[in-house]
There are 2 protein chains.
Amino acid sequence: MRIGELAERTGTPRRLLRYYEEQELIMPTRCANGYRDYDERFVDRVVQIRGLLDAGLPTRIIKQILPCLDKPRVIHFKDATPEMLATLEGELDRMNHRIACLTRNRDAIEEYLEVVRQDKAPEPAAQSPGGR
Amino acid sequence: MRIGELAERTGTPRRLLRYYEEQELIMPTRCANGYRDYDERFVDRVVQIRGLLDAGLPTRIIKQILPCLDKPRVIHFKDATPEMLATLEGELDRMNHRIACLTRNRDAIEEYLEVVRQDKAPEPAAQSPGGR
DNA sequence: TCGAACCATCACATACATGTGAGGGTCAAC
DNA sequence: GTTGACCCTCACATGTATGTGATGGTTCGA
């Protein structure tokens with residue numbers, strides 16, 4: 001598929017698809033006329049990239065972890081230098097921190113919303129301060 | 001405490017503490033001489049801010065959710081306009097997406113690391129391709 | 001054959017978090 | 001009273017992910 005279709009199917013501006021390519025996150029082939037030609041697999045991949053970017057990972061890191069996640073991963077064993085593994089472990093750590101932080105705050109927001117809704121919804125009886 | 005101590009205790013450049021204040025994420029009082037005066041509570045708060053920033057939330061959003069998380073939260077009930085609640089729900093959603101994405105990728109990295117380690121560590125017997 | 005709808009590259013602009021430094025005040029210790 | 005370690009307020013610079021537009025090639029249907 002060409003860039004327009006991929007853009008539409010992933011909800012991503014063309015500009016960014018080209019940017020991700022420049023950052024070597026995705027490497028589409030080219031048609032004879034120079035147009036980018038994207039494989040079906042790129043749909044998922046782009047969505048994954050966007051998710052990781054949104055979660056705070058820079059392209060530099062995403063570029064490193066992406067190849068490790070492809071499923072027939074035997075191919076990538078030889079790339080696994082010690083430094084590379086160390087980087088991955090470091091990122092694993094940061095991701096765990098992020099997950100913990102997000103989860104903590106999400107739970108807190110959820111609780112807040114529940115409490116506020118309880119305070120607004122029920123029949124107007126005796127209520128603690130702040131009630132409507 | 002003054003800015004230097006807070007910076008050291010949170011591992012945050014002074015520059016950023018002033019920036020967070022400019023963005024109205026933290027509002028220290030001032031001493032007579034104009035120095036910022038930080039309460040003990042700011043230590044946790046700054047750490048929380050940094051965690052959320054690292055997880056991809058912009059200061060604009062952090063500013064909105066922070067006050068909802070303070071524990072004697074009765075004070076903040078009146079701020080809960082419908083638009084505000086909608087925003088919060090939206091952010092809750094995005095945070096859930098982020099958490100899901102991070103968790104998925106973390107698990108995949110973890111699995112990858114396990115497989116690679118298994119491939120490198122054990123006694124050199126018959127092994128699948130890619131072995132050392 | 002023309003126009004619309006794609007595609008290409010290039011370049012400049014923006015928002016946001018952050019770095020860095022200049023120019024100057026405060027204060028405690030010597 | 002001078003020095004050094006703080007603090008202040010600017011203000012300009014950087015990196016990263018984005019927005020936007022100029023300029024031009026390709027394809028295809030009217």
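The figures here come from the full heavy-atom set of this structure, side chains too, leaving out hydrogens, waters and symmetry mates. Per chain, numbering begins at 1; letters A, B, ... match sequence-line order.
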**Asked** According to a strict under-4.0 Å criterion, is A:R60 in side-chain N/O contact with OP1 or OP2 of D:dT16?
**Response** no
**Request:** Starting from P on D:dA17, measure out to NZ on A:K63 and report it in whole angstrom.
**Result:** 12 Å
**Request:** Rounded off to whole Å, could you give me the CD-to-C1' distance for the B:E8 and D:dC7 pair?
**Result:** 15 Å
**Request:** Return the value, rounded to whole Å, for the distance between atom CD of B:E5 and atom P of D:dA5.
**Result:** 18 Å
**Message:** Classify A:R18 by what it touches in the nucleic acid, base, sugar-phosphate, or nothing, heavy-atom distance under 4.0 Å.
**Reply:** base
**Message:** Strictly below 4.0 Å: does B:Y38 bring a side-chain N or O up to OP1 or OP2 of D:dC7?
**Reply:** no
**Request:** Have a look at A:R30 and say if it touches a base, only the backbone sugar-phosphate, or nothing, with a 4.0 Å heavy-atom cut-off.
**Result:** sugar-phosphate
**Item:** Rounded interatomic separation in angstrom, taking CD from A:Q23 and C1' from D:dG15
**Value:** 11 Å
**Request:** State whether the number of non-hydrogen atoms from other residues, nucleotides or ligands found under 6.0 Å of A:R30 atom CZ is greater than 12.
**Result:** yes
**Item:** N or O in side chain of A:R36 less than 4.0 angstrom from C:dC7 OP1/OP2
**Value:** no
**Request:** For A:L52 and D:dT16, give me the distance from atom CG to atom P, rounded to whole Å.
**Result:** 17 Å
**Request:** Tell me which of A:P13 and A:N33 sits closer to the 5' end of DNA chain D, going by the nucleotide each one is nearest to.
**Result:** A:P13
**Fill in**
Of all heavy-atom pairs linking B:I99 and B:T103, the shortest is O-OG1, 2.6 Å
**Request:** Check whether any side-chain nitrogen or oxygen of B:R2 sits under 4.0 Å from OP1 or OP2 of D:dC6, and answer yes or no.
**Result:** no
**Between C:dC7 (P) and A:D37 (CG): distance, integer Å** = 12 Å
**Request:** Tell whether A:R15 reaches the base of D:dT20 with its side chain through a donor-acceptor pair below 3.5 angstrom.
**Result:** yes
**Message:** Should the side chain of A:Y19 and the base of D:dG19 be counted as holding a donor-acceptor pair, with the cut-off at 3.5 Å?
**Reply:** no
**Prompt:** Is A:R98 salt-bridged to B:D54, cutoff N-O under 4.0 Å?
**Reply:** yes
**Asked** Around atom CD of A:E8, are there more than 12 heavy atoms of other residues, nucleotides or ligands at under 6.0 Å?
**Response** no
**Prompt:** How do B:Y35 and B:L53 order along DNA chain C: which one's closest nucleotide is nearer the 5' end?
**Reply:** B:L53
**Message:** Does D:dT16 have OP1 or OP2 under 4.0 Å away from a side-chain N or O of A:T59?
**Reply:** no
**Close side-chain approach of B:R50 to B:L16, heavy-atom, < 4.5 Å** = yes
**Item:** B:I3 CD1 - C:dG25 P separation (whole Å)
**Value:** 19 Å
**Prompt:** In whole angstroms, how far is the P atom of C:dC10 from the CZ atom of A:R14?
**Reply:** 19 Å
